[in-house]
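The block underneath contains the structure these notes are about, expressed in structure tokens.
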Amino acid sequence: MRASRQASDARRGAAGRVLAVLLALTAPTVAPAAGEAPRRVVSMNLCTDQIAMLVAAPGQLVSVSHLAARPDVSLMSAEAAGLAINHGLAEEIFRLDPDLVVAGTYTTRATVNLLRRLGRRVEEFRPEASFADIRENVRRMGELLGREAEAARLIAAFDAEAAALAAAPPGEDAPVLGSFGANSYTSGAGTLENAIVGAAGLRHLGEDLAITGTTRLPLEALVLADPDYVLLWERSRNDPSRAADILRHPALDARFSSERRLSADSRAWICGTPLTLEAVKRLRAAVLGQTSLRREEGR
């Protein structure tokens with residue numbers, strides 16, 4: 001018992017000494033003068049990664065999260081290739097000597113709190129649940145980086161493209177789309193997924209079922225609701241995990257034929273950025289393609 005307590009005290013003492021050293025190292029950093037744009041920006045969240053890469057001046061963004069460099073997760077993995085990669089650890093971010101760190105509200109709390117204790121400026125962004133949220137986060141990123149004009153340009157281009165894509169608000173006769181993911185998860189009102197589906201001119205099953213946010217939907221409920229289309233994620237189709245087993249259930253195969261299944265690239269749905277409109281375009285094209293196929297088969 002005494003040996004265990006002594007070992008625990010030793011670990012706490014070592015951690016305290018490491019923290020003291022880190023605190024002592026904060027002094028050399030020179031913060032930008034009031035009104036001056038940050039010169040070394042680090043992002044530690046996939047969504048802030050992509051917005052920052054779109055908004056930042058050349059050389060201003062020095063590091064993004066490891067997820068931004070993964071082509072299976074990020075739409076901007078090529079742009080991330082020339083940047084330092086971080087894993088959300090305080091010690092690696094601290095060594096990059098940033099004068100601004102941007103993170104999501106659900107980013108590793110221990111890292112965010114420690115960086116702030118070390119005197120680093122950390123700004124958090126809420127996840128985007130609507131197109132209005134996308135505009136606001138792009139605008140705020142531009143303000144933080146001193147790139148207001150670039151942010152305004154991106155928002156104007158986003159609005160113009162969204163207007164060109166605009167479909168009539170989905171009415172009672174609009175096709176219904178239900179999403180179904182690993183572990184039976186689906187989404188409803190108040191989510192980016194719902195905004196994308198509505199922008200494509202479809203009704204969202206989650207909203208019709210009075211679901212708010214993201215939750216599990218029993219397979220039986222999906223089968224009984226019988227939406228016109230079921231949306232599955234490309235990255236889950238060949239996933240061998242037990243979480244994805246539900247997507248290979250015989251009941252799903254029996255109810256939804258291939259022409260009633262839509263496959264989506266989740267990279268365009270995970271984060272709300274100006275690139276999100278790609279999800280709207282692909283979803284609408286997929287529905288139109290399946291509708292045309294049905295008409296051809298019905299002749």
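Values in this document were obtained by computation on a predicted structure and should not be read as measured data.
- Within 6.0 Å of CZ on Arg242 lie no more than 12 heavy atoms contributed by other residues, nucleotides or ligands.
- In this structure, the side chain of Ser74 does not engage the main chain of Pro71 through any donor-acceptor pair within 3.5 Å.
- Residues Leu46 and Val122 fall into different hydrophobic clusters, defined by Ile, Leu, Val, Met, Phe, Trp and Tyr side chains chained together at heavy-atom separations under 4.5 Å.
- The shortest distance between side-chain heavy atoms of Pro98 and Val41 does not fall below 4.5 Å.
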- [ ] Under the salt bridge (charged side-chain N to carboxylate O under 4.0 Å, His left out) rule, what do Arg39 and Asp97 come out as? Steps first, then yes or no, please.
- [x] CA-CA 10 Å; Arg39 296 183 290 273; Asp97 196 24; over 6 Å; no
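- Between atom CG of residue Leu288 and atom CG of residue Leu283 there is a gap of 9.5 Å, rounded to the nearest 0.5 Å.
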Under 3.5 Å, sequence neighbours excluded: what are the donor-acceptor pairs made by side chains of residues 136-143?
unit_1, atom_1, unit_2, atom_2, d
Glu136, OE1, Arg139, NE, 3.0
Glu136, OE2, Arg139, NH2, 2.6
Asn137, ND2, Arg126, O, 3.0
Asn137, ND2, Glu128, OE2, 2.8
Arg139, NH1, Glu143, OE2, 3.4
Arg140, NH1, Glu124, O, 2.5
Arg140, NH2, Glu123, OE1, 2.8
Arg140, NH2, Glu124, O, 3.3

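- Thr108 contributes no side-chain N or O that, together with a main-chain N or O of Thr111, makes up a donor-acceptor pair within less than 3.5 Å.
- Hydrophobic clustering, with ILVMFWY side chains joined whenever heavy atoms are under 4.5 angstrom apart, groups Val102 together with Ile51.
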Task: Derivation and outcome, salt bridge (charged side-chain N to carboxylate O under 4.0 Å, His left out), residues Arg95 and Glu92 - done: CA-CA 5 Å; Arg95 284 197 297 268; Glu92 63 181 351; 5.6 Å; no
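- A salt bridge links Asp265 with Arg282; the closest basic N to acidic carboxylate O contact falls under 4.0 Å.
- Counting only distance, with no hydrogens or angles, the side chain of Ser77 and the backbone of Ala69 share no donor-acceptor pair below 3.5 Å.
- Counting heavy atoms from C-beta outward, Arg117 and Val112 have side chains that stay 4.5 Å or more apart.
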Open item on the list: Between Thr186 and Thr214, is the side chain to side chain contact (heavy atoms under 4.5 Å, CB included) condition met? List the steps.
Closed with: CA-CA 6 Å; Thr186 192; Thr214 300; over 6 Å; no
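- Side-chain atoms of Arg70 and Leu67, non-hydrogen and from C-beta on, do get closer than 4.5 Å to each other.
- Without hydrogens or angle criteria, His249 side chain to Ala251 main chain gives a donor-acceptor distance under 3.5 Å.
- The cluster map of Ile, Leu, Val, Met, Phe, Trp and Tyr, joined by side-chain heavy atoms under 4.5 Å apart, puts Leu217 and Leu262 in different clusters.
- Side-chain atoms of Ser65 and Asn86 include no donor-acceptor pair closer than 3.5 Å.
- Considering Met76, Arg267, Glu79 as possible partners of Gln50, the one that fulfils the side-chain contact (heavy atoms from CB on, under 4.5 Å) test is Met76.
- A cation-pi arrangement is not found for Arg135 relative to Phe158, the charged atom failing to lie both closer than 6.0 Å to the ring centre and inside a 45° cone about the ring normal.
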- [ ] Go through Val64 and Val42 one step at a time and tell me if the side chain to side chain contact (heavy atoms under 4.5 Å, CB included) criterion holds.
- [x] CA-CA 6 Å; Val64 291; Val42 171; over 6 Å; no
TODO: Before giving the answer on side chain to side chain contact (heavy atoms under 4.5 Å, CB included), spell out for Val73 and Ile270 the whole-Å C-alpha distance, their side-chain angles and the decisive distance to 0.1 Å.
DONE: CA-CA 8 Å; Val73 176; Ile270 294 173; 4.3 Å; yes
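- Val176 and Val223 end up in the same hydrophobic cluster when Ile, Leu, Val, Met, Phe, Trp and Tyr side chains are linked at under 4.5 Å.
- Taking a cutoff of 4.0 Å between a charged side-chain nitrogen and a carboxylate oxygen, Arg261 and Asp253 qualify as a salt bridge.
- Annotation: side chain of Phe256 is in contact with side chain of Leu222 (closest heavy-atom distance under 4.5 Å).
- Going from atom OG of Ser179 over to atom OH of Tyr229 covers 16.0 Å, rounded to the nearest 0.5 Å.
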TODO: Take Arg248 and Asp245 through the test salt bridge (charged side-chain N to carboxylate O under 4.0 Å, His left out) and record every step on the way to the result.
DONE: CA-CA 5 Å; Arg248 295 179 282 273; Asp245 277 349; 2.9 Å; yes
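- The closest donor-acceptor contact from the side chain of Thr276 to the backbone of Cys271 lies under 3.5 Å.
- Hydrophobic clustering (side-chain heavy atoms under 4.5 Å, transitive across Ile, Leu, Val, Met, Phe, Trp, Tyr) groups Leu154 together with Leu192.
- Inter-residue side-chain proximity for Leu83 and Leu61 is flagged as met; some heavy-atom pair is nearer than 4.5 Å.
- Residues Trp269 and Trp233 are in side-chain contact: their nearest non-hydrogen atoms beyond the backbone lie under 4.5 Å apart.
- Of the inter-residue distances, the one linking Ile93 atom CD1 with Leu114 atom CG reads 10.0 Å to the nearest 0.5 angstrom.
- For the atom pair CG of Leu209 and CG of Leu205, the computed distance is 4.0 Å after rounding to the nearest 0.5 Å.
- Heavy atoms only, all atoms of each residue included: Gly146 and Ala37 are closest at CA-CB, 4.2 Å.
- Rounded to the nearest 0.5 Å, atoms OG (Ser187) and CD1 (Ile211) are 8.5 Å apart.
- Ser257 and Glu259 are linked by a side-chain donor-acceptor pair at a separation below 3.5 angstrom, with hydrogens and angles left out of the test.
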- [ ] Start with the C-alpha distance between Asn183 and Ile246, add both sets of side-chain angles, then the distance that settles side chain to side chain contact (heavy atoms under 4.5 Å, CB included), and finish with yes or no.
- [x] CA-CA 7 Å; Asn183 280 325; Ile246 191 69; over 6 Å; no
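- Within the 3.5 Å criterion, the main-chain N or O of Arg203 finds no donor-acceptor partner in the side chain of Glu207.
- Residues Leu232 and Phe180 meet the side-chain proximity criterion, which asks for heavy atoms closer than 4.5 Å.
- The closest donor-acceptor contact from the side chain of Arg40 to the backbone of Gln60 lies at 3.5 Å or more, if one exists at all.
- Leu145 CG to Glu148 CD: the interatomic distance, rounded to the nearest 0.5 Å, is 9.5 Å.
- Inter-residue side-chain proximity for Leu224 and Asp226 is flagged as unmet; no heavy-atom pair is nearer than 4.5 Å.
- Looking only at distances, no side-chain donor or acceptor of Arg216 sits under 3.5 Å from a matching main-chain atom of Ser184.
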